[in-house]
**Student:** 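Questions regarding the structure given below will be posed in turn.
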Amino acid sequence: MSLPSLLAVFVVLLLSNAARAVATPRTVEARPITTLSDAQIAAFLPYTHYAAAAYCPPSITLAWSCGANCAGAHPRFIPIAAGGDGDATQFWFVGFDPAVQEVIVSHQGTNFSEFLPVLEDVSILLEPLNAILFPGIPSAISVHSGFSSHQSKTALDILQAVQTGVSKFGAKKVTIPAHSLGASLGLLDAVFLHLHLPNVPVRFIGYALPRVGNQAFADFVDGSSVSVTHINNMEDLVPILPGRFLGYHHPSGEIHIQDSGSWAACPGQDNTSTQCIVGDVPTIFQGNPANHNGPYQGIEMGEC
């Protein structure tokens with residue numbers, strides 16, 4: 001990570017914790033925290049490979065030639081579209097996985113070797129969603145302005161590619177696995193695709209997901225039919241940002257990877273148990289930036 005990038009991130013991390021004492025946490029979910037079985041954990045592995053593959057440029061994902069995360073993990077995958085330059089627009093790809101009859105959508109995560117995505121990653125003002133891209137979305141919903149702006153750049157291209165996957169290949173579901181900044185864009189894509197393709201089930205699997213929107217957004221996601229899982233790795237800092245005192249809230253669906261390697265399913269929004277990310281990393285001083293890229297099931301994110 002370059003020094004300017006590190007400083008930019010640190011400033012926002014500090015701001016996110018400066019008013020922690022006055023933040024009002026939601027009531028801890030009464031349901032128990034459970035530990036995932038080995039079989040449940042293994043079921044995420046195909047999507048972990050997809051999230052890692054999103055760090056590759058379009059020329060590679062369209063050829064599906066990124067090695068272990070591409071043909072090595074998914075030899076039958078059929079690319080449909082890809083784009084982005086890794087700077088002004090994160091890399092993204094859409095394709096069809098015949099093994100599970102799903103359209104896969106993924107975005108590149110935060111690439112700290114490029115400065116512009118980092119600036120968007122720390123642009124923390126909340127703003128309403130675009131009413132054209134998100135028809136009928138409740139007016140109380142606000143999201144991170146940088147994430148919203150970035151998602152809007154590729155939304156229509158992704159929708160067209162997903163529609164191709166459904167019509168041409170008969171896909172039964174859309175699944176969106178992505179990491180870090182890519183996960184924030186993926187969560188917005190999940191809501192966007194749900195609104196435009198209401199008869200197609202949408203599933204989101206985020207790794208190191210930052211908070212994307214306000215309480216109304218988190219509640220809307222929870223109340224929709226979109227299936228949401230966001231997986232946090234040990235003491236990663238990114239999932240506690242932006243801070244709750246700024247009005248941000250995670251939707252439900254957290255899985256927290258413990259230092260022991262076990263995976264804990266944390267019910268509710270921003271569960272404050274020490275087995276979950278908010279309790280385990282109460283401030284930046286308890287966090288470890290080295291945990292951000294993984295490993296997730298032995299896979300390190302961040303490079304093609």
Side-chain angles (χ1 to χ4, degrees), residues 1-29 33 35 109-115 117-126 144-147 179-184 187 206-215 218 230-296 300-302:
M1 184 188 302
S2 67
L3 181 57
S5 299
L6 182 59
L7 290 174
V9 173
F10 180 77
V11 167
V12 173
L13 292 174
L14 190 59
L15 286 173
S16 297
N17 288 278
R20 191 175 184 87
V22 299
T24 303
R26 289 174 64 82
T27 302
V28 174
E29 173 64 48
I33 294 168
T35 300
T110 309
N111 180 358
F112 285 108
S113 68
E114 302 287 348
F115 192 59
V118 175
L119 291 177
E120 291 187 328
D121 217 350
V122 299
S123 178
I124 58 177
L125 296 177
L126 286 160
H144 185 289
S145 61
F147 300 161
H179 172 252
S180 189
L181 172 58
S184 68
L187 182 57
Y207 302 81
L209 173 72
R211 295 188 180 101
V212 173
N214 64 359
Q215 185 68 69
H230 48 108
I231 302 169
N232 308 314
N233 186 46
M234 296 187 284
E235 282 76 51
D236 183 11
L237 300 170
V238 169
I240 68 169
L241 301 172
R244 288 178 293 166
F245 82 96
L246 293 169
Y248 284 86
H249 295 272
H250 271 305
S252 302
E254 178 189 353
I255 293 175
H256 187 213
I257 302 175
Q258 312 292 309
D259 291 350
S260 65
S262 65
W263 290 33
C266 300
Q269 299 175 0
D270 287 307
N271 194 312
T272 56
S273 166
T274 56
Q275 292 180 268
C276 307
I277 194 69
V278 173
D280 192 26
V281 189
T283 73
I284 61 170
F285 304 107
Q286 284 76 44
N288 183 355
N291 294 154
H292 181 58
N293 285 348
Y296 294 92
E300 288 281 347
M301 306 287 180

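We number each residue from 1, following the sequence as shown. In this text the structure is predicted, and so the values were computed from the model without any measurement.
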**Student:** Tell me the closest heavy-atom pair linking M301 and Y207, and the distance in Å.
**Tutor:**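 The answer is CE-CG, 4.3 Å.
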**Student:** Just how far is it from atom CD1 of I231 to atom NE2 of H256, taken to the nearest 0.5 Å?
**Tutor:**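 Separation between the atoms: 11.5 Å.
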**Student:** Within the side chain of S145, is there an N or O that forms a donor-acceptor pair under 3.5 Å with the backbone of L125?
**Tutor:**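 A pair under 3.5 Å: yes.
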**Student:** Among pairs that include at least one residue of residues 231-261, which meet disulfide (SG to SG under 2.5 Å), considering only residues two or more places apart or in two chains?
**Tutor:**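 Pairs touching residues 231-261 that pass the test: none.
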**Student:** Quick one, H144 and P242 - any side-chain contact, counting heavy atoms below 4.5 Å?
**Tutor:**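 SC-SC contact between H144 and P242 confirmed.
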**Student:** To check you understand the geometry: which heavy-atom pair defines the closest contact between L237 and P289, and what is its length?
**Tutor:**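 Residues L237 and P289, closest heavy atoms: CD1-CG, 3.8 Å.
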**Student:** Counting only N and O atoms by type, is there a donor-acceptor contact under 3.5 Å from the side chain of D270 to the main-chain atoms of H250?
**Tutor:**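 Yes, D270 side chain to H250 backbone: donor-acceptor pair under 3.5 Å.
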**Student:** Roughly how far, to the nearest 0.5 Å, is the NE2 atom of H230 from the OG atom of S252?
**Tutor:**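 So the gap between those two atoms works out to 7.0 Å.
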**Student:** According to side-chain contact (heavy atoms from CB on, under 4.5 Å), who are the partners of D236, at least two apart in sequence or on a separate chain?
**Tutor:**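 Once residues adjacent in sequence are excluded, the partners of D236 under the side-chain contact (heavy atoms from CB on, under 4.5 Å) criterion are A208, V238, P239, N291, H292, Y296.
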**Student:** For Q258 and Q275, work out which heavy atoms get closest and say how close.
**Tutor:**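 Heavy-atom minimum between the residues: NE2-O, 2.8 Å.
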**Student:** To the closest 0.5 Å, what do you measure between CD (Q269) and CZ (R211)?
**Tutor:**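 One finds 10.5 Å between CD of Q269 and CZ of R211.
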**Student:** If you look at every heavy atom in S184 and P210, which pair is closest and at what distance?
**Tutor:**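 That would be CB-CG, 4.0 Å.
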**Student:** So, E254 side chain and I277 main chain: donor-acceptor pair closer than 3.5 Å or not?
**Tutor:**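 Such a contact is found between E254 side chain and I277 backbone.
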**Student:** Taking E235's backbone N and O only, do any of them form a donor-acceptor pair with Q286's side chain (distance below 3.5 Å, no angle check)?
**Tutor:**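 A pair under 3.5 Å: no.
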**Student:** Testing the basics here: between I255 and W263, what is the closest heavy-atom pair and its distance to 0.1 Å?
**Tutor:**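 Distance-wise, the nearest heavy atoms are CG2-CE3, 3.6 Å.
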**Student:** Where is the tightest heavy-atom contact between C276 and I33, given as atom of each residue plus distance?
**Tutor:**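 Residues C276 and I33, closest heavy atoms: SG-CD1, 3.7 Å.
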**Student:** Taking the side chain as every heavy atom from C-beta outward, state whether L187 and P251 have any atom pair closer than 4.5 Å.
**Tutor:**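 When only atoms from C-beta onward are counted, P251 and L187 do touch, with a gap below 4.5 Å.
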**Student:** For the side chain of N233 and the backbone of G294, is there at least one donor-acceptor N/O pair under 3.5 Å apart?
**Tutor:**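 Indeed, once roles are kept as given, a pair shorter than 3.5 Å links the two residues.
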**Student:** What is the distance from atom CG of D280 to atom CD1 of I240, rounded to the nearest 0.5 Å?
**Tutor:**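 Interatomic distance, D280 CG to I240 CD1, rounded to 0.5 Å: 10.0 Å.
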**Student:** Rounded to the nearest 0.5 Å, how far apart are CG of L241 and OH of Y248?
**Tutor:**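 If we round to the nearest 0.5 Å, L241:CG and Y248:OH are 10.5 Å apart.
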